[in-house]
Number of protein chains: 2
Amino acid sequence: VLTFVKEARKAHYATGTASAAHATDPVQPLPEKVDLPAEKVAMGERMFHDKRLSADETLSCASCHDLGKGGCDQARTSKGIGGQFGGINSPTVFNSGANVRQFWDGRAADLVEQAAGPVENPIEMGAKWDDVVAKLNKDAALVAEFGKLYPDGLTKGAVLDCVATFEKSLVTPNSPFDRWLSGDENALDADAKKGYELFVARGCATCHVGESLGGQSFEKMGRAEDYFEARGNPTDADKGLEGFTKKEGDRHKFKVPTLRNVALTFPWFHDGSQTDLAGAVKVMAKCELGTTLSDAEVAQVVKFLESLTGEFRGVPLK
Amino acid sequence: VLTFVKEARKAHYATGTASAAHATDPVQPLPEKVDLPAEKVAMGERMFHDKRLSADETLSCASCHDLGKGGCDQARTSKGIGGQFGGINSPTVFNSGANVRQFWDGRAADLVEQAAGPVENPIEMGAKWDDVVAKLNKDAALVAEFGKLYPDGLTKGAVLDCVATFEKSLVTPNSPFDRWLSGDENALDADAKKGYELFVARGCATCHVGESLGGQSFEKMGRAEDYFEARGNPTDADKGLEGFTKKEGDRHKFKVPTLRNVALTFPWFHDGSQTDLAGAVKVMAKCELGTTLSDAEVAQVVKFLESLTGEFRGVPLK
């Protein structure tokens with residue numbers, strides 16, 4: 001959670017504005033636009049899709065963060081270089097600029113730090129930044145374009161900066177839910193509205209809060225009831241925040257994921273264990289809140305969650 | 001909770017920075033300084049203390065928000081014009097610029113809207129803005145100074161703008177807790193550190209989160225166990241957010257108060273019913289989290305809370 005920001009925010013973002021009836025709701029609309037330098041966004045988009053960032057030139061950032069698949073890969077865990085599978089579910093890149101830190105365990109402070117990691121991860125892109133930068137610098141046209149944007153030309157820092165700038169532009173406004181928050185009563189059906197009521201009344205919105213419905217804090221997976229014992233098969237990735245901070249009290253804590261576009265970011269949870277959104281809702285109710293929802297209530301919450309699918313550059317996400 | 005702000009925030013605020021060991025903590029240091037126009041801050045400070053804003057010229061904003069009393073009046077409810085008592089405890093003005101909305105029930109969107117209210121409230125300052133502005137416009141020296149700051153001179157909007165600007169400057173950094181977060185291991189004793197651990201582990205930091213330890217969301221007073229039945233004597237102010245939104249689901253919801261300088265903002269709760277910080281901690285544990293803390297644990301949490309008293313313009317709050 002970041003405070004002291006309302007004035008600063010007004011200056012930089014075209015705000016999605018809730019109607020008076022929803023002014024105090026725990027969930028607020030996404031901004032419609034983030035003010036960013038267009039040339040760097042465009043270059044970042046190219047680099048995000050450039051497979052030269054991987055050692056064997058088979059993978060780009062988009063391989064695990066496919067904009068056509070909700071900003072992730074819709075796989076349990078991601079396939080890296082040489083067909084190796086990673087240990088954790090790829091989080092969506094959409095709206096990731098709003099996260100308080102990056103990665104499930106928060107080990108990167110921001111998108112620049114995040115983007116540096118996978119390139120050198122031996123089971124992801126398996127490259128070395130020195131090699132990647134040397135390779136890209138053989139592309140004279142690309143070097144010339146970087147020269148116009150960055151005084152030091154095509155460096156690791158410049159690549160990371162433009163990728164992060166592009167990622168900050170990946171905001172998905174105008175979901176049916178946001179349109180309803182902004183005053184369009186017909187944007188949601190009765191079930192979705194009831195689902196949102198339940199979502200707030202049962203306490204989901206305490207952590208899945210704000211414009212992103214998450215991304216602002218780290219909470220224990222199994223806050224109310226143990227999650228890992230029932231699932232079995234413990235992995236290193238299950239440590240969560242503890243893996244980064246080395247504090248025992250941080251065991252099984254993960255960044256609360258955004259629920260924006262959640263219908264597209266399957267399978268769910270850090271372990272990608274849930275392939276059914278209703279099932280994910282039931283597990284969250286039980287393990288995080290120690291409560292049980294009826295099947296009818298779960299279906300309503302799912303309808304609400306499905307209404308969180310927004311638009312990217314004006315085109316509905318599918 | 002406001003997201004999409006990290007970049008914007010960096011541009012406007014000198015950030016208090018947590019050490020690497022505390023980078024992912026739910027509580028983060030206050031910024032050391034907020035970048036605001038100094039002349040408007042200074043004029044706002046004068047207006048904040050100007051009793052001509054009340055009908056009988058006995059009260060200023062500072063009467064209920066005394067900077068020497070933790071930014072509030074340290075009274076159960078505030079004494080307004082003619083000795084009338086209000087219905088709710090005065091929240092602190094310190095760090096109030098970080099609140100997602102203003103007032104316990106969130107009925108004001110920001111500090112400008114907030115500041116407009118008490119002047120015309122018949123049991124607070126009991127004035128009319130037209131009269132106040134006319135009265136102030138008889139002060140030629142003041143009018144001249146407003147003319148330098150605001151093109152339309154001394155108007156209601158100008159008075160509110162400079163008061164709100166001054167209020168945004170009321171940040172209280174460098175508390176012992178923030179110094180500890182920033183890496184000074186000796187800034188807290190063992191009890192306070194243990195109290196913070198409990199505060200996080202038991203779930204207090206879920207709502208009392210971020211730089212302000214609150215101010216970002218509305219939560220039900222009596223989330224886990226009923227608060228009002230035991231207290232008795234229901235009042236209109238107990239409705240909380242429902243009083244503003246008219247939604248039954250918002251009954252007894254209040255803006256989660258900041259815990260910054262909480263040792264000074266007694267008595268506690270919206271009803272000012274708690275005069276003992278240990279008692280307030282016990283009630284919160286029971287009614288919000290459905291848990292019980294031992295007396296030793298309560299004492300540790302209190303030590304932590306006492307470490308949240310910061311500085312105003314470099315001078316320790318007392």
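Letters A, B, ... mirror the listed sequences (proteins, then strands); counts begin at 1.
- For A:T206, the parts lying near chain B are the backbone and the side chain together; criterion is any non-hydrogen pair under 4.5 Å.
- For A:K247, the part lying near chain B is the side chain, with the backbone staying farther off; criterion is any non-hydrogen pair under 4.5 Å.
- When heavy atoms are compared at a cutoff of 4.5 Å, B:K220 does not approach chain A at all.
- Within 6.0 Å of the NZ atom in A:K193, the count of heavy atoms belonging to other residues, nucleotides or ligands exceeds 12.
- With a threshold of 4.5 angstrom between heavy atoms, B:A23 approaches chain A through its backbone and through its side chain.
- Proximity to chain A is absent for every atom of B:V27, based on heavy atoms less than 4.5 angstrom apart.
- No more than 12 heavy atoms of other residues, nucleotides or ligands sit less than 6.0 Å from atom CD of A:E248.
- Rounding to the nearest 0.5 Å places CG of A:L241 at 8.5 Å from CG of B:D25.
- When only modelled atom types and interatomic distance are considered, A:R107 and B:T24 share no side-chain donor-acceptor pair under 3.5 Å.
- In this structure, A:K239 places its NZ atom where only 12 or fewer heavy-atom neighbours from other residues, nucleotides or ligands lie under 6.0 Å away.
- No part of B:E197 comes within reach of chain A, as not one of its non-hydrogen atoms sits under 4.5 angstrom from that chain.
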